[in-house]
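Notes for the one structure printed next.
Start at 1 with the first residue, then count along the sequence. Atoms within a ligand are numbered from 1 in the order they appear, just like the ligands themselves.
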Amino acid sequence: MITFITGNEHKVKEAENIFQKFNIELEHIDLGYMEPQGTLEEVAISGAKYAAEKLNKPVIVEDAGLFIKALNWFPGTYSSYVQETIGNQGILNLMSNTINTKDRHAEFRSVIGYCAPNIEPKIFLGKVEGSIAFEEKGNKGFAFDPIFYVQKKDKTFGELTLQEKNQFSHRKNSLELFANWYKCIKE
Ligand code: ITT
Ligand code: NA
């Protein structure tokens with residue numbers, strides 16, 4: 001059993017679905033932890049360390065974000081703040097005002113931080129490439145999903161079911177790296 005520390009219910013549902021395949025049982029605690037302003041990796045390491053010590057058990061945390069090339073990889077580590085303030089429409093406006101308006105390449109990145117009492121934290125990075133849509137589409141998923149378009153599905157993440165998103169999302173990739181490693185250390 002592993003404890004996922006997050007305040008985001010959508011992340012929990014996605015993780016439960018991934019972990020089923022690995023027979024890893026997931027417990028969810030919304031502990032809350034300080035997020036230092038830093039890279040996804042720094043946030044994941046410090047969050048995992050803090051939570052493992054505080055709860056005295058093995059935990060994972062996740063720090064994720066949307067990175068847009070034409071905006072010099074903004075919002076990146078500011079993704080939560082940007083989502084809560086200017087939102088998807090704000091991102092679409094920035095995209096139509098940038099000089100690189102034709103380059104809509106973007107990626108989601110997810111870093112899972114794992115830590116257990118008296119063990120050094122470990123991190124697992126997952127990414128998915130896509131592009132910023134010209135308008136919001138779909139009402140599934142959460143946050144930036146309706147503006148994140150994936151060519152091979154010809155859909156935004158907002159138009160995908162949880163199971164479809166979990167076939168190739170950034171979170172799928174980071175969680176699977178973690179789960180494969182975790183299975184090994186448990187054996
Ligand atoms: P935690 O409690 O786990 O920190 P959070 O929602 O604050 O939950 P992050 O700190 O990882 O999550 O913030 C990343 C932000 O990036 C998040 O608030 C969303 O706006 C966005 N984001 C991350 N993953 C996403 C996904 O799969 N789809 C859409 N937006 C995503
Ligand atoms: Na957060």
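Geometrically, K13 does not engage F142 in a cation-pi contact defined by less than 6.0 Å to the ring centre and at most 45° from the axis. Cation-pi contact between R104 and Y149: absent, since separation from the ring centre below 6.0 Å together with deviation from the ring axis within 45° is not met.
A donor-acceptor distance shorter than 3.5 angstrom exists from the side chain of N173 to the backbone of K127, with no hydrogens or angles considered.
In terms of protein heavy-atom proximity, atom 23 (C) of ligand 1 is closest to A64 CB, 3.6 Å. For atom 10 (O) of ligand 1, the nearest protein heavy atom (residue, atom name, distance) is D63 OD1, 3.1 Å. Distance from atom 3 (O) of ligand 1 to its nearest protein heavy atom, with residue and atom name: T6 OG1, 2.6 Å. Protein heavy atom at the shortest distance from atom 5 (P) of ligand 1 is K11 NZ, 4.0 Å. Of the protein's non-hydrogen atoms, the one nearest atom 20 (O) of ligand 1 is A143 CB, 3.3 Å. For atom 28 (N) of ligand 1, the nearest non-hydrogen atom of the protein is D145 OD1, 2.6 Å. Remark: minimum distance from atom 13 (O) of ligand 1 to any protein heavy atom is reached at S80 OG, 2.9 Å. Summary of contacts: the protein heavy atom closest to atom 16 (O) of ligand 1 is S79 CB, 3.4 Å.
Heavy atoms from both the backbone and the side chain of F142 come within less than 4.0 Å of ligand 1.
Interface atoms of ligand 1 facing H170, defined by a heavy-atom separation under 4.0 Å, are 24 (N), 25 (C), 26 (C), 27 (O). Ligand-side atoms of ligand 1 in range of G7: 1 (P), 2 (O), range being under 4.0 angstrom from any heavy atom. In the vicinity of E35, heavy-atom distances shorter than 4.0 Å reach the ligand 1 atoms 4 (O), 10 (O). Near N8, meaning under 4.0 Å from one of its heavy atoms, ligand 1 places the atoms 6 (O), 8 (O). Heavy-atom contacts of E62 reach the following atoms of ligand 1: 3 (O), 11 (O) (cutoff under 4.0 Å).
Ionic pairing of E159 and K137 is not present here: no N-O contact between side-chain nitrogen and carboxylate oxygen is shorter than 4.0 angstrom. Taking the charged nitrogens against the carboxylate oxygens, R109 and D63 have no contact shorter than 4.0 Å, which rules out a salt bridge. With respect to E164 and K140, no salt bridge is recorded, no charged nitrogen being found less than 4.0 Å from a carboxylate O. With salt bridges taken as basic N to acidic carboxylate O contacts below 4.0 Å, one links E27 and K57.
Counting only heavy atoms from C-beta outward, the side chains of S131 and H105 never approach each other to under 4.5 Å. Between E176 and K21, some side-chain heavy-atom pair lies under the 4.5 Å cut-off.
Nearest N/O/S atom of E35 with respect to the Na ion (ligand 2) is recorded as OE2.
Considering backbone and side-chain N/O atoms, Q83 never comes within less than 3.5 Å of an N/O atom of ligand 1. Between F108 and ligand 1, no pair of N/O atoms sits closer than 3.5 Å. Looking at E14 next to ligand 1, no N or O pair under 3.5 Å apart turns up.
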**Request:** I would like to know whether N88 and Q83 meet side chain to side chain donor-acceptor pair (under 3.5 Å); could you show each step before the answer?
**Result:** CA-CA 7 Å; N88 289 342; Q83 178 58 223; 3.2 Å; yes
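Centroid-to-centroid, the aromatic rings of Y114 and F124 stay 6.0 Å apart or farther. Checked against the 6.0 Å centroid criterion, the rings of F178 and Y182 qualify as a close aromatic pair.
In this comparison of R171, E9, K165, the heavy atom closest to atom 24 (N) of ligand 1 sits on R171.
The shortest heavy-atom distance from E84 to ligand 1 is not under 4.0 Å.
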